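Input: a single structure, listed below in structure tokens.
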Amino acid sequence: MGKQVTVGASEVLHDHAQGGGDLQGVVGELLELALDIARETGEMLLAERPARPEVLATKSSPTDIVTSLDRAAEQLIRARIGEARPGDAILGEEGGDTPGEGRVRWVVDPIDGTVNFLYGLPAWAVSIAAELDGEIVAGVVYNVPLGELFSASKGGGAWLAGERLHCTTGVPVEAALVATGFAYGAERRRVQAEVLTTLLPTVRDIRRSGSCAIDLCSVAAGRVDAYYERGVNYWDYAAGGLVATEAGARFGSLNGRPSDADVTICADPGLYGELHELLTSIGLDRA
């Protein structure tokens, strides 16, 4: 998994602005590049997707699949970043971590929701985030089948179709619509099912889209009230996490830790606390 977001780019932005620089302009350029590349990649995937894409390989388990278009999409994203910003580092789900020479690293999931892509379900996304000095400052999640392009920049809000996004507020846990997902390993899935059967009677209902990035954007847009999952990777939530936090949500893990592959939780700050307490009592992290 990629390094966690620990360095305060927000402080860097503030300090640079105090000196009269235009680092906000740099962030804007990163966001625009991510938007352009996400659009182009989405168009390629729609044009090239056959009626039933071929599974080329599996990774962590037989259900953790890779198609030729996962690889082709990441290759396109890497090529476009390299053309525009040849010194930047890139972390991608399919191609791994490529070191760079500067302060920017891109975090790429070419198709978040590959199983949905395989089956033709309309919930898969191109996810592209940009780190500056270790902190995500720009993020784009493109739900390609629905044509929904979510975007966010550090301190600049979260946006969809020209409308600023805001997560729901004031929702108690018993009235919350909660999104989640499941890991690929059989034993962890078994425990996740046990957690779910305990959680379900205590919330309004559960939704499972099959894409972490889309779930986080759904929190941002108020389509669900909260999201939790165990076992996601950095590229799954890098862009969507920024979209959610810029829409007012809290995004983290258990016991005050930043979000990581162990557990990811996202909700309005008030609901986050209730959900965190509930998931901790259930034992979400026990396998």
Side-chain angles (χ1 to χ4, degrees), residues 38 41-42 45-46 49 53 60-61 63-67 69-70 73 93 108-129 139-152 158 160-161 165-168 171 176-185 188-189 192-193 195-197 199-200 203-245 247 249 251 259 261 263-268 271-272 275 279 284:
T41 305
L45 288 168
L46 283 177
R49 184 188 178 278
S60 62
S61 81
T63 58
D64 188 3
I65 62 172
V66 180
T67 72
L69 285 172
D70 286 270
E93 178 176 13
V108 174
D109 190 344
I111 305 177
D112 187 53
T114 299
V115 173
N116 289 344
F117 178 76
L118 176 69
Y119 280 84
L121 295 170
W124 51 270
V126 177
S127 175
I128 304 174
V140 171
V141 175
Y142 185 22
N143 184 340
V144 179
L146 299 185
E148 293 186 330
L149 191 61
F150 296 87
S151 65
L160 172 64
L165 300 177
H166 302 279
C167 68
T168 57
V171 178
L177 185 61
V178 180
T180 192
F182 305 107
Y184 293 112
R188 180 165 287 183
R189 282 186 169 194
Q192 288 174 324
V195 169
L196 187 61
T197 57
L199 178 67
L200 184 56
V203 298
R204 183 188 298 277
D205 209 343
I206 297 290
R207 294 292 181 268
R208 195 273 204 264
S209 77
S211 165
C212 168
I214 290 175
D215 283 340
L216 289 167
C217 290
S218 293
V219 173
R223 296 172 181 175
V224 297
D225 300 304
Y227 163 76
Y228 80 92
E229 189 166 351
R230 187 164 186 212
V232 293
N233 292 295
Y234 186 39
W235 46 73
D236 296 318
Y237 62 74
L242 182 65
V243 174
T245 55
F251 179 62
S259 184
V263 173
T264 298
I265 304 172
C266 184
D268 161 70
L271 176 58
Y272 182 101
L275 184 61
L279 291 171
L284 175 62

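For clarity, every value in this text was computed on a predicted model and none was experimentally measured.
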Before giving the answer on side-chain contact (heavy atoms from CB on, under 4.5 Å), spell out for L196 and I206 the whole-Å C-alpha distance, their side-chain angles and the decisive distance to 0.1 Å. CA-CA 9 Å; L196 187 61; I206 297 290; 3.7 Å; yes
Identify the two heavy atoms, one from [X] and one from [Y], that lie closest to each other, and give their separation to 0.1 Å.
X    : Y    : result
L146 : P122 : CG-O, 4.0 Å
A239 : V140 : CB-O, 3.5 Å
V243 : C217 : CG1-SG, 4.0 Å
P53  : T67  : CB-CG2, 4.3 Å
A226 : L275 : CB-CD2, 3.7 Å

My understanding is that only residues two or more places apart in sequence, or in another chain, count here; which of them pass side chain to side chain contact (heavy atoms under 4.5 Å, CB included) with [X]?
X    : value
A244 : A249, C266
A73  : T41, M44, L45, P110
A176 : V171, V178, D225, L271

Please report the interatomic distance [atom1]([X]) to [atom2]([Y]), rounded to the nearest 0.5 Å.
X    : Y    : atom1 : atom2 : value
L279 : L284 : CG    : CG    : 5.0 Å
F182 : R188 : CZ    : CZ    : 13.5 Å
D70  : I111 : CG    : CD1   : 4.0 Å

Could you pull out all residues at least two apart from Y228 that satisfy side chain to side chain donor-acceptor pair (under 3.5 Å)?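 For Y228, no residue satisfies side chain to side chain donor-acceptor pair (under 3.5 Å) once neighbours in sequence are set aside.
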May I have the step-by-step check of side-chain contact (heavy atoms from CB on, under 4.5 Å) for F251 and Y237, ending in yes or no? CA-CA 10 Å; F251 179 62; Y237 62 74; 3.5 Å; yes
My understanding is that only residues two or more places apart in sequence, or in another chain, count here; which of them pass ring pair (Phe, Tyr, Trp, His ring centres under 6.0 Å) with F117?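 Result, ring pair (Phe, Tyr, Trp, His ring centres under 6.0 Å) vs F117: W124.
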Only pairs under 3.5 Å count here: list side-chain donor-acceptor contacts from residues 207-216, not counting sequence neighbours, and write none if there are none.
{"residue": "R207", "atom": "NH1", "partner": "D205", "partner atom": "OD2", "Å": "3.2"}
{"residue": "S209", "atom": "OG", "partner": "S211", "partner atom": "N", "Å": "3.1"}
{"residue": "S209", "atom": "OG", "partner": "S211", "partner atom": "O", "Å": "3.3"}
{"residue": "S209", "atom": "OG", "partner": "D215", "partner atom": "OD1", "Å": "2.8"}
{"residue": "S211", "atom": "OG", "partner": "D112", "partner atom": "OD2", "Å": "2.7"}
{"residue": "S211", "atom": "OG", "partner": "I214", "partner atom": "N", "Å": "3.1"}

Evaluation steps, side-chain contact (heavy atoms from CB on, under 4.5 Å), between T264 and Y227: CA-CA 8 Å; T264 298; Y227 163 76; 4.0 Å; yes
Taking the side chain as everything from C-beta on, heavy atoms only, tell me whether I265 gets closer than 4.5 Å to Y272.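 When only atoms from C-beta onward are counted, Y272 and I265 do touch, with a gap below 4.5 Å.
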Evaluate side-chain contact (heavy atoms from CB on, under 4.5 Å) for V108 paired with E93, printing each intermediate quantity in order. CA-CA 7 Å; V108 174; E93 178 176 13; over 6 Å; no
Pairs touching residues 139-152 that satisfy side-chain hydrogen bond (donor to acceptor under 3.5 Å, both in side chains), sequence neighbours left out: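 Only E148-R223 qualify under side-chain hydrogen bond (donor to acceptor under 3.5 Å, both in side chains).
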When you measure from the side chain of E229 to the backbone N and O of V263, does any donor-acceptor pair fall under 3.5 Å?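 Checking the backbone N and O of V263 against the side chain of E229, no donor-acceptor pair under 3.5 Å is found.
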Does D236 use its side chain to pair, donor to acceptor, with the backbone of N233 at less than 3.5 Å?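 At least one qualifying donor-acceptor pair exists.
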